[in-house]
Amino acid sequence: MFNRAVSRLSRKRPPSDIHDSDGSSSSSHQNPKSADKWAASLENLLEDPEGVKRFREFLKKEFSEENVLFWLACEDFKKTQDKKQMQEKAKEIYMTFLSSKASSQVNVEGQSRLNETILEEPHPLMFQKLQDQIFNLMKYDSYSRFLKSDLFLKHKRTEEEDEGPPDAQTAAKRASRIYNT
């Protein structure tokens, strides 16, 4: 009996390898909260639909929502396979964000503007240089202000309040799994 207990203890797994019955990790390194992920990088923020929503709200207040809308349109455009759809989307992006008559014109370097003739033969990366400019504009300008904004800080506080204290019974189950495996 004693040997079996010692054997179980010697096979003890590190906390990072311990999982709850649903397969989720039960180590002290829980999944980071969305606000923490958003604060880690603009890329993380833009990968999260809720993050995009909050960032758009912020940019709308700053009168620069067109930047993230352009970036998102370019991401969607790059995934387009059908040539006809690609032409339609390219024209829509051009007319909405790049044309001198655009309703939501983005602020890109003048020499980087596309000529309308390029819209006839679109390719998935045709907007990449402009998209990169807008990404950098957001990353080094509005993103840092977003992280200091009331909108972001309120979301972060709400997440922290919702977390609450850990469940004592769950902690006991985890300890039991550590020593009984």
- Message: Please evaluate residues L42 and F55 with respect to the criterion side chain to side chain contact (heavy atoms under 4.5 Å, CB included), reporting the C-alpha separation (whole Å), side-chain torsions for both, the decisive distance (0.1 Å), and the verdict.
- Response: CA-CA 10 Å; L42 178 57; F55 193 46; 4.1 Å; yes
- Task: Show your reasoning for whether side chain to side chain contact (heavy atoms under 4.5 Å, CB included) applies to L59 and F146.
- Result: CA-CA 8 Å; L59 291 176; F146 170 72; over 6 Å; no
- Task: Run the numbers on F58 and F152 for ring-ring contact (aromatic ring centres under 6.0 Å, His included), then give the verdict.
- Result: CA-CA 9 Å; F58 172 76; F152 174 76; 9.8 Å; no
- Item | Full working for salt bridge (charged side-chain N to carboxylate O under 4.0 Å, His left out) between E50 and R54 | CA-CA 6 Å; E50 182 67 20; R54 300 293 173 124; 2.7 Å; yes
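For D150, the CG atom is loosely surrounded, since the number of other residues' heavy atoms within 6.0 Å does not exceed 12. The neighbour count for E43 CD, taken as heavy atoms of other residues, nucleotides or ligands under 6.0 Å away, is above 12. The neighbour count for E92 CD, taken as heavy atoms of other residues, nucleotides or ligands under 6.0 Å away, does not exceed 12. For K60, the NZ atom counts as loosely surrounded, since its 6.0 Å shell holds 12 or fewer non-hydrogen atoms of other residues, nucleotides or ligands.
Residues that satisfy the side-chain hydrogen bond (donor to acceptor under 3.5 Å, both in side chains) test with D132, not counting sequence neighbours, are Q128. Considering only residues two or more places apart in sequence or on other chains, D76 meets the side-chain hydrogen bond (donor to acceptor under 3.5 Å, both in side chains) condition with K89. Taking E75 as the reference, K78 meet the salt bridge (Lys or Arg N to Asp or Glu O under 4.0 Å) condition, with sequence neighbours excluded. Legend: residues meeting side-chain hydrogen bond (donor to acceptor under 3.5 Å, both in side chains) with S142, ordered by chain and number and at least two apart, are absent.
Scanning all heavy atoms of the two residues, the minimum distance from S99 to Q105 falls at O-NE2, 3.1 Å. Between P122 and K83 the shortest heavy-atom distance is O-NZ, 3.2 Å.
The shortest distance between side-chain heavy atoms of M86 and F77 falls below 4.5 Å. Residues D48 and K37 form no side-chain contact, since every pair of their non-hydrogen atoms from C-beta on lies 4.5 Å or further apart. Residues L130 and F97 have side chains not in contact (no heavy-atom distance under 4.5 Å, counting atoms from C-beta outward). E160 has its side chain within reach of K33: a pair of non-hydrogen atoms, C-beta onward, lies under 4.5 Å apart. In this structure the side chain of D36 reaches within 4.5 angstrom of the side chain of K156, judged on heavy atoms. Under the 4.5 Å side-chain criterion, counting only non-hydrogen atoms from C-beta, Q87 is not in contact with L119.
Put simply, the side chain of Y143 gets close to the backbone of A39: a donor and an acceptor are under 3.5 Å apart.
The list of ring pair (Phe, Tyr, Trp, His ring centres under 6.0 Å) pairs with a residue in residues 35-54, not counting sequence neighbours, reads W38-H155.
L125 and V106 fall into different hydrophobic clusters, defined by Ile, Leu, Val, Met, Phe, Trp and Tyr side-chain heavy atoms under 4.5 Å apart, directly or through other members.
Taken to the nearest 0.5 Å, the CE atom of M95 stands 13.0 Å off from the CD1 atom of I93. To the nearest 0.5 angstrom, S41 atom OG is 3.0 Å from N44 atom CG.
A side-chain donor from one of S34 and E159 sits under 3.5 Å from a side-chain acceptor of the other.
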Using atom types as modelled, flag every donor-acceptor pair under 3.5 Å from a side chain in residues 64-73 to any protein atom, sequence neighbours excluded.
{"residue": "E65", "atom": "OE2", "partner": "R56", "partner atom": "NE", "Å": "2.8"}
{"residue": "E65", "atom": "OE2", "partner": "R56", "partner atom": "NH2", "Å": "2.7"}

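Put simply, the residue from R145, K139, M138 that forms a side-chain contact (heavy atoms from CB on, under 4.5 Å) with D141 is R145.
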